[in-house]
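First the structure, in the form of structure tokens, and then the observations on it.
Just the heavy atoms: all of them, side chains too, but no hydrogens, waters or symmetry mates, feed the values below. Each chain gets a letter, A, B and so on, in the order the sequences are listed, and its residues count up from 1.
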Amino acid sequence: MDAPEQADDGGDGPSLEGGYDPEAVESRWQRRWVDEETYAYEGDAERDPNTVYAIDTPPPTVSGSLHMGHLYGHTLQDFAARFQRMADGDVLFPFGYDDNGIASERLTEQELDIRHQDYERREFQELCREVCTEYEAEFTDKMQDLGCSIDWSSTYKTIEPRVQRISQLSFLDLYEKGREYRKKAPAIWCPECETAISQVEMEDDERGSHFNDIAFEVASDGTDRNEFVISTTRPELIPACVSVFVHPDDDENQDLVGEEARIPIFGHEVPIIADERVDMEKGSGIVMCCTFGDQKDIEWYQAHDLPLRVAIDESATMTDLAGDYEGMSTEEAREAIVEDLDEEDYLRDRWEITHAVGVHERCDTPVEFRVSKQWYVEILDHKDEYLEAGREMEWYPEKMFTRYRHWIEGLEWDWLISRQRDSGIPFPVWYCEECDHPIMADREDLPVDPLSDEPPVDACPECGHDGFEAEEDVFDTWATSSLTPLINAGWDWDADAEEFAMEKPELYPFDLRPQGHDIISFWLFHTIVKCYEHTGEVPFDATLINGHVLDENREKMSKSRGNVVAPDEVLADYPVDAVRFWAASAAVGDDFPYQEKDLRAGEKLLRKLWNASKLVDTLAPADPDEPDELEPIDRWLLAELDDAIETLTANFENYEFAKGRDRLRTFFWNTFCDDYLEIAKGREDNPSTQYALRTAHRTFLELWAPFLPHVTEEIWQAVYADGEERRVSESSSGESEPRDRLESIHTRDWPEPQGHEADLEAGETAMEVIGALRRYKSENQLPLNEPLETVSVFGPVGGFEDAIQNVMHVQNLDLLETEPEVTTEIASIDLDYSTLGPKFGSAVGDIDAGIDAGEYEIDDDGDVLRVAGEELESDLFEVERERTYSGAGEMLETDSAVVVVE
RNA sequence: GGGUUGGUGGUCUAGUCUGGUUAUGACACCUCCUUGACAUGGAGGAGGCCGGCAGUUCAAAUCUGCCCCAACCCA
């Protein structure tokens, strides 16, 4: 745009003509916001971190397309970002992709129908980059269709060199701090992906299997028995059997302890040992320990210093230890061994079961446990500190902290960060060929790839040898994606100052970390670990945990169930603003169903806002002067508006989007549209009403802006942007080229209460009277604009007579000084239990009974109620009277007024 | 198996921490109304013993215990 005036790009510029056309309007604004960098973070390194609002968004894993979880999560963040931007200025709302690691490798394999094993590492990495780039481009398009106020100039990919450098710096720093070690130890292993994985990547899955009762011979002669039976689901592991365990309390089998067992078929002999970790309830109560079948085997292996017998290799193929079974897969070997056991009469029984099997979450392959040399981040010794860090953050909702706490309390493994994969960030490490001493890269050289780069030394500092071996492993994805606060803040090594520094220190610690409740245990946890160890600070002030979007029957969406709703399908039928209105309906942290009718509710609201704006536009000039004195009805509206601003502000500050949304909708629809606008129709020439109308309307647009960014921008630009003083948020630090930027509603200031005071009781009563008259017309099947000849009101409605008269088409309105002629009798007595209870205690029951039975008296002036032997002062009860009106016309009652229609 | 969270009209939900006697709103349903924006609107109505059972209390959707159901996390 090139004119200082509001841009009107021809026929499809902002205008209130006709109905609201979200399809055209939304994409038009989305494009302009991106093109004009409306949401760009300005940045001011001098600013206090407490006054810059920064969000650390967990970058989506590049493994597929945008789903409802992305939509919901980002929309919630956007509510916070948009509110904060208006309320407090500069906001950083960045965006990243997590495209290094197993997930994107598997995506590449699926997409191209290839196996990574068939490619050179470089080649495969190239393919990953290509596939990811395509997915990212499509994902970005779809993200921009959501209209989130993301700063698209602050984006990153976890595989890009800048991030690789940060990730390798992080590795070096933790190594120097003594927080990392390399160790040959049993690790969880995925035979399909052929890599070690961490505890969090393993999940349980119910699988069908068999229990096999296998007879073991006793090879020594300390007992009368010749054999005993062991139940196992994994007979292929018997070549790896290194011992047999019996529980110390197991009297029946105590005779076996200290003896030797001979392994069927394979013939090797193993000791029988007592250990209380045996589950006596399971199978025969006697259990074999193999290296390794499960985690308990590892514990035993370490506790009893057992030998290592590896029968299964890294691709789940039997090793030479398995003798005749060498080269078979574990499944093949299982069947073959069972058959042979049966033939040789060792198989005593076999039956089907289903049980939980640990599988790799990325490929559903049952995991193995293998001894291998891996890098670990030590975390078990800092559990208390990480727990404390979690405690220092604000949790929205609070209850989610429990999950974090339980996760930490249950930690059993240090964090394994090396992966035997092709695509990923390499460890910046070489090893001395002679003494295995690790050589770390120099900081200034990062990022490095040891496979192609040379180590920074000519000779090993330990032994002087000059040959080195490159580390082939890459970092676990989370070793990098746990650094997002540091990536966003531009963390780097300052060589001159010899310390770490941030390019944008004002961002750190971040104000908000949003994420789903399913990844508290790893993503959030790992991020806290990394950032805390690097900076000594908790990286987030607050964390916002979003729930999951379920299908319309409240069931989890899953591809296998076929109940997945894709965001693009929804957005093809409904405006984004309507989708956002739905997204705001759930309490933060709660799972909630996707229901189409909720989107229709949002659509209705957009239409209402549009139509109300049109009406306001016909009733008052865009920018009326403020009159010296507002009339009661107008002052009442603005006082109510002040109140709404106050609650809504608090709601946004506390991430109570659902509450804010409902409060605003009710006030806008019921109070403003149904009540005030109807009244305003009869007062259009009144300067007081014109001012109130426009003030309220502008404020409504601003208050709705975080929820409904498109429709509010469209109306704002159509109605107000033109006459506004130009408010371009060019930074005061003097950017050399002042850009001609859109004065978006989204960069305006959040409304503040203006301190309007009004007789709220009179306003409330007047609305009651209007409601009563509406009910009267409805019940008498009259149109709402049917004139009423004479209406008398007894009640506090002073100052609102005109309003009542106009909106209800009352020709004569009388305010009564005294209650109209009625005969009254006591209908009921309302007790104030909250003070009555504490005062009279158990007598309350008798008082209730006495009143019900009519056994009570009230003083003539109504000051004292005598019942059940007690005397109640007037503040404890209220007498409800049944009024019978015998005068002319019909009497209507409200809570605080009596109305007579003639 | 252990833990966490939740269960409120037909549906989705507010209220539960901080107990107070007519339980909030929306959608759907029924009746009526074309009022100067909106009939994709407006006014009104019906519909719930707050998962079950005990307990604490003058008083429980709300606090306590047990049970049932669901989701999630961890074995």
Categorize [X] for me: base, sugar-phosphate, or nothing, with a 4.0 angstrom heavy-atom threshold over every strand shown.
X	answer
A:R600	nothing
A:D591	sugar-phosphate
A:K399	sugar-phosphate
A:E552	nothing
A:K777	nothing
A:G682	base
A:G410	nothing
A:W407	sugar-phosphate
A:K608	base

Q) Toward the 5' end of RNA chain B, which comes first, A:D598 or A:L677, by nearest nucleotide? A) A:D598
Q: Please figure out whether A:R775 or A:D832 has its closest RNA chain B nucleotide nearer the 5' end.
A: A:D832
Send over the distance from [X] [atom1] to [N] [atom2], rounded to a whole Å.
X	N	atom1	atom2	value
A:H548	B:rC73	NE2	P	7 Å
A:D675	B:rA43	CG	C1'	12 Å
A:E684	B:rU35	CD	C1'	15 Å
A:W669	B:rA26	CH2	P	10 Å
A:D674	B:rG41	CG	C1'	9 Å
A:R774	B:rU35	CZ	P	15 Å
A:E409	B:rG3	CD	P	13 Å
A:F877	B:rC58	CZ	C1'	19 Å

Q: Please measure how far the P atom in B:rG9 lies from the corresponding atom in B:rG48, and state the result in whole Å.
A: 11 Å
Q: Pick the P atom in B:rG3 and in B:rG45, then give their distance to the nearest Å.
A: 48 Å
Proximity of [X] and [Y] rings by center, below 6.0 Å:
X	Y	answer
A:F79	A:Y655	no
A:W395	A:Y404	yes
A:F707	A:F652	yes

Look at the side chain of [X] and decide which nucleotide, out of [options], has an atom nearest to it.
X	options	answer
A:A601	B:rU4, B:rA37, B:rA26	B:rA26
A:V844	B:rA14, B:rC58, B:rC38	B:rC58
A:R403	B:rA26, B:rC72, B:rU13	B:rC72
A:P838	B:rU11, B:rA26, B:rG20	B:rG20
A:Q595	B:rC72, B:rG15, B:rU11	B:rU11

Could you let me know what [N] is paired to, Watson-Crick or G-U wobble, both distances under 3.5 Å, or none if it's on its own?
N	answer
B:rU31	B:rA43
B:rA23	none
B:rG55	B:rC63
B:rA70	B:rU5

Q) Taking OP1 and OP2 of B:rC58, is either one under 4.0 Å from a side-chain nitrogen or oxygen of A:K839? A) no
Q: Please state whether the phosphate of B:rA14, meaning OP1 or OP2, lies under 4.0 angstrom from any side-chain nitrogen or oxygen of A:R661.
A: no
For residues 840-851 of chain A, dump all side-chain donor-acceptor pairs below 3.5 Å to protein atoms at least two apart in sequence or in another chain.
unit_1 : atom_1 : unit_2 : atom_2 : d
A:D848 : OD1    : A:Y833 : OH     : 2.7
A:D848 : OD2    : A:Y833 : OH     : 3.4

(Q) How about CD on A:E878, more than 12 heavy atoms from neighbouring residues, nucleotides or ligands closer than 6.0 Å, or not? (A) no
Q. With a cut-off of under 6.0 Å to the ring centre and 45° to the axis, is A:R661 in cation-pi contact with A:F581?
A. yes
Q.
Going by side-chain contact (heavy atoms from CB on, under 4.5 Å), A:R513 matches just one of A:I545, A:T543, A:L544. Which one?
A. A:T543
